[in-house]
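Down below is the structure, laid out as structure tokens.
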Amino acid sequence: MQPIITTKNVKLSYGSFEALHDINLDFEKNKITALIGPSGCGKSTYLRCLNRMNDLIDGVTITGSFKLNDLDMYDEKTDVVELRRKVGMVFQQPIPFPLSIRENVAYGLKLNGHVAKEFIDQRVEESLRQAALWDEVKDRLNDSALSLSGGQQQRISIARVLAVRPEVILMDEPTSALDPISSAQIEDTLLALKKDYTIIIVTHNMQQATRLSDKTAFFNLGNLIEFDTTEKLFMNPSKKETDDYVNGKFG
Amino acid sequence: MDEIKDRLLKPSKATHEDQRGKFISYLSIGLIAVLVISILVFITIHGLAMFTQNGMKISDFLFKTDWNPGKKLIGALPMIVTSFGVTLLSALIATPFAIAVALFMTEFAPKRGAKFLQVIIELLVGIPSVIYGLIGLAIVVPAVRTIYGGTGFGILAGAIVLFVMVLPTITSLTVDSLKAVPRHYRQASLALGATRWQTIYKVILRAATPGILTAVVFGMARAFGEALAVQMVIGNAAMLPQNLTSPSATLTSQLTMGIGNTIMGTLPNNALWSLALLLLIMSLVFNLVVKLIARKGRIK
Ligand SMILES: Nc1ncnc2c1ncn2[C@@H]1O[C@H](COP(=O)(O)OP(=O)(O)OP(=O)(O)O)[C@@H](O)[C@H]1O
Ligand SMILES: [Mg+2]
């Protein structure tokens, strides 16, 4: 099967500091891929390449090829706004906008020019259900999203991304700011979303990677060390570095 | 042992310093409080004298339109209307400009543009109001005269001069409130496929609204209280303004024009104190509004 995202010979420098050295990595459709590795190894940097969020940082140079299906992501003619609608992103910190719950989830839809109330209401409900939040907030959709708990806010952030129906969802340590119960709820949410979406998740939590992901990529010092099925990478890694890391000997 | 115990029981040098520092700051706070209270009491007593001693009616003061205290006519409505007129009009013109400039400084050109504009804003703040008045007199009044006819003096000329004077206030406070919007909001919005412009008006301005309102109210407070520059372009006729270009007078301009020509304790003098009391009350109201906005903005 053709991967949904293909990246080849990816190099990225912040000014003169090269943070990613020649990464080759593909992502399969409707799978969860985990990116793991010690702090500062370039996981977030790589992830941000996939929806061109690095464009916002001054002095970044990126080379290599990035394809979303057949679309060249970094082609001059590629519409970044359109790309980001196809490749959504959830951040480490929940970031609810200072708007109502409904307005938060509808945010991306309205950007796309959808204004019909029935359509928006229906999407909002669907997305909140997918994010496993509907039952908790259905009676208070007009309340400010800032009044929710951290875990609920993070699920709002997920619902907000789901509402625009992206093809791929990038998540940078989406549960690291949350308590264990909220984290577990979000993990359940992600597993349920797998059938409709392709998910790429950065995590520092090895158990989370094994529970969630089909494939895992291990980064170290800006290099992709090993990429395999999660089972193989954790049980029977082919590189010693990987073995040391997944068994907690460094990092 | 005893020596150590002794030392520990005695206040140390640091404790002494601490107490001295506390004493000095409480003293200063006390002095300032006394000062503020005496100003309030003083103006209130004098401001009410016209009603308590000269037997004038508050309703006449607030709602009648003839102002000639020498002849016992104390209708301050013309000044009230004109003061609010120039204040609202100048804020109305200044706010869009201030927001545009502030957005430019924070969102579009945060590096070079912001520094340059910062210098200009500081310059505008530093110019004495008499200079604004002079420029208003030399340029704005003739321009209004040519375009709209009449004398050129009036609310429009006053509002234009005030617009320039409150612009820096509103702009720099708006810049502060835009800067206070978390960086995350921008990222999250862009990551959802928003353009920069959509991000600005849907998220950033929304999040900064309480701060921007506060900025506008501060600007209005400044406009309401400005005397000198307004006095030079308003025409100084204590008459209800017929339109934006008819000569009139604000509370402040009437006060500065009249205070030198009256004798303490007489009705004309007391009438001016009543204008001052009204000004004071309005500035308290502006303060209160700012507090209310701040509180509402916090709860959200
Ligand atoms: N905006 C930036 N400017 C300059 N250097 C950066 C920037 N962002 C990241 N780096 C550097 O790039 C390298 C990779 O950073 P990155 O944030 O991708 O690591 P990470 O694997 O996500 O780490 P963590 O697990 O701590 O989040 C680090 O050495 C970091 O210091
Ligand atoms: Mg990171």
Side-chain angles (χ1 to χ4, degrees), chain A residues 44 47-48 50-58 79-100 103-113 127 143-147 153-154 156-166 168-172 177, chain B residues 99 102-116 173-216 290 292-300:
Chain A
S44 302
L47 197 72
R48 283 198 302 267
L50 302 180
N51 67 343
R52 292 188 56 174
M53 287 301 280
N54 283 327
D55 291 16
L56 306 177
I57 303 172
D58 283 339
D79 181 359
V80 184
V81 165
E82 195 55 39
L83 173 71
R84 292 193 185 130
R85 284 173 195 167
K86 288 187 184 141
V87 186
M89 187 165 211
V90 176
F91 298 83
Q92 181 171 2
Q93 294 293 331
I95 313 174
F97 297 134
L99 307 170
S100 70
E103 288 297 315
N104 260 281
V105 180
Y107 186 80
L109 290 175
K110 294 200 173 161
L111 296 177
N112 275 324
S127 311
D143 289 9
S144 166
L146 302 181
S147 66
Q153 290 185 356
Q154 189 64 312
I156 286 281
S157 308
I158 295 175
R160 196 167 61 189
V161 170
L162 295 177
V164 287
R165 294 291 143 83
V168 181
I169 303 174
L170 311 175
M171 303 188 144
D172 195 348
Chain B
I99 292 177
L103 278 176
F104 183 79
M105 290 173 68
T106 55
E107 305 297 320
F108 294 105
K111 294 218 178 89
R112 267 176 303 152
K115 281 223 185 74
F116 173 69
L173 288 171
T174 302
V175 166
D176 291 346
S177 74
L178 289 175
K179 279 191 182 153
V181 175
R183 284 210 61 76
H184 299 320
Y185 284 177
R186 295 175 175 80
Q187 284 185 10
S189 170
L190 292 170
L192 282 165
T195 61
R196 191 147 77 153
W197 179 238
Q198 287 172 325
T199 302
I200 286 171
Y201 78 81
K202 291 201 173 212
V203 175
I204 298 179
L205 285 181
R206 193 80 159 248
T209 300
I212 296 175
L213 286 179
T214 307
V216 173
V290 167
L292 284 179
I293 293 173
R295 185 171 319 153
K296 254 207 146 153
R298 249 203 323 276
I299 296 170
K300 252 193 293 220

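First the proteins, then the strands, lettered A, B, ... as listed; each starts at 1.
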Item to complete: State, to 0.1 Å, how close A:Leu111 and B:Ala194 come at their nearest heavy-atom pair, and which atoms those are.
Response: CD1-CB, 3.3 Å
Item to complete: Quick one: closest heavy-atom pair of A:Phe91 and B:Ala188, and the distance?
Response: CE1-CA, 3.6 Å
Show which side-chain atoms of residues 92-99 of chain A pair as donor or acceptor with protein atoms under 3.5 Å away, not counting sequence neighbours.
residue: A:Gln92; atom: NE2; partner: A:Ser176; partner atom: OG; Å: 3.0

Practice prompt. Under the side-chain hydrogen bond (donor to acceptor under 3.5 Å, both in side chains) rule, collect the residues that match up with B:Thr106, sequence neighbours excluded.
Written response: none
Discussion item. Need one label for A:Lys86: side chain, backbone, both or neither, based on atoms under 4.5 Å from any heavy atom in chain B.
Written reply: neither
Fill in: Which atoms of A:Asn104 approach chain B - backbone, side chain, both or neither, heavy atom under 4.5 Å
neither
Practice prompt. Measure the spacing between OG1 of B:Thr195 and CG of A:Asp79 and express it to the nearest 0.5 Å.
Written response: 10.0 Å
Worksheet entry | Stepwise side chain to side chain contact (heavy atoms under 4.5 Å, CB included) check, A:Asp58 with B:Lys111 | CA-CA 12 Å; A:Asp58 283 339; B:Lys111 294 218 178 89; 3.1 Å; yes
Discussion item. If we ignore hydrogens and angles and just use 3.5 Å, is the side chain of A:Arg84 paired with the main-chain N or O of B:Ala191 as donor and acceptor?
Written reply: no
Worksheet item: In terms of heavy-atom contacts, does CZ of B:Phe116 have more than 12 from other residues, nucleotides or ligands at under 6.0 Å?
Response: no
Item to complete: Give the member of A:Met53, A:Lys110, A:Glu103, A:Glu82 that has the highest number of heavy-atom pairs under 4.5 Å with chain B.
Response: A:Met53
Worksheet item: So do A:Arg160 and B:Leu192 actually touch side chain to side chain, heavy atoms under 4.5 Å?
Response: yes
